[in-house]
Number of protein chains: 2
Amino acid sequence: MTSVLVVDDEPQIVKALRINLSARGYHVLTAYDGKTALSVAVEGKPDVVVLDLGLPDIDGVEVIAGLRGWSTVPIIVLSARTDSATKVEALDAGADDYVTKPFGMDELLARLRAAVRRKTKQEVDEPIVRTSTFTVDLTVKKVHRDDREVHLTPTEWGLLEILARNPDRLVSQKQLLSEVWGPTSVGESQYLRVYMAQLRRKLERDPAHPKHLITEPGMGYRFQL
Amino acid sequence: MTSVLVVDDEPQIVKALRINLSARGYHVLTAYDGKTALSVAVEGKPDVVVLDLGLPDIDGVEVIAGLRGWSTVPIIVLSARTDSATKVEALDAGADDYVTKPFGMDELLARLRAAVRRKTKQEVDEPIVRTSTFTVDLTVKKVHRDDREVHLTPTEWGLLEILARNPDRLVSQKQLLSEVWGPTSVGESQYLRVYMAQLRRKLERDPAHPKHLITEPGMGYRFQL
DNA sequence: AGCGGGTGTCAAGGAGTCGTCAGACGGCTC
DNA sequence: GAGCCGTCTGACGACTCCTTGACACCCGCT
């Protein structure tokens with residue numbers, strides 16, 4: 001049974017979601033503020049979180065960061081704000097999807113299913129990522145190039161792991177910095193340049209013209225298979 | 001069965017729409033003023049609303065706001081072609097499309113189908129938008145044209161993403177500028193012209209006669225599938 | 001025909017980002 | 001303490017991208 005944690009300070013929204021989700025066979029946990037949400041998440045281990053950004057105590061983005069500190073549970077953000085700045089902030093912090101209020105219940109349910117589907121699919125996925133020149137084994141944390149093991153430092157590995165877990169996907173600088181160096185270091189894009197260069201020197205055939213560790217100027221980096 | 005709410009104070013237009021829509025299998029609800037429209041919408045839960053802006057009691061824009069307060073139902077605005085400022089206002093308030101009077105029944109029906117299609121598609125969560133010449137993958141942030149990857153700059157991508165997330169829908173200049181360049185740049189329509197031109201050069205077969213990135217003079221732009 | 005608003009196009013500059021190197025700093029082992 | 005390793009920092013050239021201005025165009029209006 002899939003369990004959903006609903007976090008919102010508006011009782012009528014929580015109530016509406018509880019009714020609709022229960023009717024469809026979900027187990028529903030609730031919280032009305034950020035602190036409660038975090039502790040309920042720890043205890044209840046929900047399979048997916050529906051989070052309103054406008055909470056009475058802590059900023060929603062910090063709740064996302066708090067969850068992402070130890071969990072990869074899918075997070076769907078609810079918000080009345082339509083401006084893209086808030087949206088990007090939430091997604092960069094690690095949210096999976098974004099729904100603006102007012103929302104249709106059908107739409108939310110569809111996104112919920114999609115989020116859970118993505119998650120389970122990701123977990124079943126092969127934990128070994130291969131390119132033409134090197135392979136990344138995510139379970140034993142080892143990288144091979146031409147059948148020879150390549151030694152990576154912890155930071156190098158942290159960076160490569162995130163990219164390898166999102167093959168073909170564009171990963172934003174903010175997300176990389178936040179997940180490897182912590183949320184306080186978003187902005188230190190120099191780190192990224194240095195460590196991407198090191199990874200390329202160790203893994204790419206022609207580090208000056210990378211084929212797999214691709215820069216998308218102004219946006220982020222991409223692990224090209 | 002798809003139900004349509006028609007809101008107009010001119011009886012002959014309501015009648016004409018009722019006949020044409022019924023004949024095509026739509027269930028038709030009607031209202032002759034704004035207040036009635038809002039209450040009928042609450043009770044009838046229409047799948048799409050056709051709304052004349054010139055109503056006897058409340059301003060059409062406020063009707064849109066009233067609907068948007070609790071519903072994401074697609075709204076197609078009807079309007080006499082003189083008051084273009086009002087039309088932009090309507091789009092910014094959350095309307096999905098507009099049709100100028102006098103209108104061809106075929107055109108209205110096409111817009112209606114497009115609006116409904118857009119809505120259901122959104123719920124199914126299809127993150128890849130396809131046209132006859134290029135595809136936009138919203139999850140991995142990639143664009144392909146003729147099986148070749150096309151590189152976009154951050155601004156180009158930002159613009160295309162908003163349009164692609166609202167296929168078939170007319171998006172106002174104000175909304176585009178506000179979401180890509182920030183709320184302070186809502187007057188810099190020159191940006192839009194420059195970047196739309198770049199997108200067309202990269203994506204359209206004949207950039208001088210675009211088939212998918214359409215300009216609606218005075219209003220905004222539309223991503224035509 | 002002339003005018004003006006909105007639009008499409010192009011090119012040039014300047015701002016900002018990226019890759020790279022080299023060195024400083026701190027923790028660890030021997 | 002010496003040597004090693006990993007991380008951080010500053011500086012530089014090279015490059016990309018954004019902005020801006022100029023001008024032609026289309027179309028409705030006077």
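Each chain gets a letter, A, B and so on, in the order its sequence line appears, and its residues count up from 1. FYI, side chains are in, hydrogens and waters are out, and symmetry mates aren't considered; it's all heavy atoms of this structure.
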Expected rows: protein N/O vs nucleotides 28-30 of chain C N/O, under 3.5 Å:
none

task: Could I get the full list of side chain to side chain donor-acceptor pair (under 3.5 Å) partners for Q224(A), not counting sequence neighbours?
output: K142(B)
query: How large an angle, rounded to 10°, do the end axes of the helix from dA1(C)-dT30(D) to dC30(C)-dG1(D) enclose when each is built from five base pairs?
result: 20°
- request: Measure the shortest side-chain to side-chain distance between L176(B) and I162(B) over non-hydrogen atoms and say whether it is less than 4.5 angstrom.
  value: yes
statement: Hits for side chain to side chain donor-acceptor pair (under 3.5 Å) against D147(B), two or more places apart or cross-chain, chain-then-number order -> none
message: Is there a side-chain contact between V61(B) and D92(B) in this structure, where contact means two heavy atoms from C-beta onward sitting under 4.5 Å apart?
response: no
- request: Flag the pair R145(A) / T135(A) as yes when at least one side-chain heavy-atom distance between them is below 4.5 Å, and no otherwise.
  value: no
query: Rounded to the Å, how far apart are L192(B) CG and dC18(D) P?
result: 14 Å
query: Can you check whether R169(B)'s main-chain N or O pairs, donor with acceptor, with N166(B)'s side chain at less than 3.5 Å?
result: no
message: Using a 4.0 Å cut-off on heavy atoms, which residues in residues 168-177 of chain B reach DNA chain C? List them by number, or say none.
response: Q173(B)
Measure all distances between protein nitrogen or oxygen atoms and nitrogen or oxygen atoms of nucleotides 10-14 of chain D, and list the pairs falling under 3.5 Å.
{"residue": "dG10(D)", "atom": "N7", "partner": "Q190(A)", "partner atom": "NE2", "Å": "3.4"}
{"residue": "dG10(D)", "atom": "O6", "partner": "Q190(A)", "partner atom": "NE2", "Å": "2.6"}
{"residue": "dA11(D)", "atom": "N6", "partner": "Q190(A)", "partner atom": "NE2", "Å": "3.2"}

message: Less than 4.5 Å apart, side chain to side chain, heavy atoms only: is that true for W157(B) and T155(B)?
response: no
message: Looking at E156(B), is its backbone amide N or carbonyl O close enough to the side chain of T153(B) to form a donor-acceptor pair, meaning the two atoms are under 3.5 Å apart?
response: yes
Length of the CG-C1' vector between L159(A) and dC8(D), whole Å: 15 Å
query: With sequence neighbours left out, what residues match D9(B) under side chain to side chain donor-acceptor pair (under 3.5 Å)?
result: none
message: I'd like to check V7(B) versus Y32(B) (side-chain heavy atoms, cut-off strictly below 4.5 Å). Are they in contact?
response: no
query: Mind checking what makes ring-ring contact (aromatic ring centres under 6.0 Å, His included) contact with W181(A), not counting sequence neighbours?
result: Y191(A), Y195(A)
field: salt_bridge(D146(B), R205(B)) N-O dist < 4.0 Å
entry: yes
message: Tell me which residues in residues 210-225 of chain B lie within less than 4.0 Å of DNA chain C, going by non-hydrogen atoms.
response: T215(B), P217(B), G218(B), Y221(B)
- prompt: Got R18(B) and T30(B) here, is their nearest side-chain heavy-atom distance under 4.5 Å?
  reply: yes
message: Is any side-chain heavy atom of P167(A) closer than 4.5 Å to one of L225(A)?
response: yes
task: Could you pull out all residues at least two apart from R68(B) that satisfy side-chain contact (heavy atoms from CB on, under 4.5 Å)?
output: I64(B), V73(B), I75(B), D96(B)
NZ/K202(A): more than 12 non-hydrogen atoms of other groups inside 6.0 Å: yes
Distance-only polar pair, side chains of Q198(B) and R201(B), donor-acceptor under 3.5 Å: no
query: How about R24(B) and L109(B): do any of their side-chain heavy atoms sit closer than 4.5 Å?
result: yes
field: Proximity to DNA chain C (any heavy atom under 4.0 Å), residues of residues 149-156 of chain B only
entry: none
message: With the threshold set at under 4.0 Å for non-hydrogen atoms, list the residues of residues 195-207 of chain A touching DNA chain D in residue-number order.
response: Y195(A)
task: Check whether any side-chain N or O of E204(B) sits under 3.5 Å from a backbone N or O of H212(B) as a donor-acceptor pair, and report yes or no.
output: yes
message: For R222(B), is there an ion pair with D97(B) - N to carboxylate O distance below 4.0 angstrom?
response: yes
- prompt: Taking only side-chain nitrogens and oxygens of W181(B), does any of them come within less than 4.0 Å of OP1 or OP2 of dT19(D)?
  reply: yes
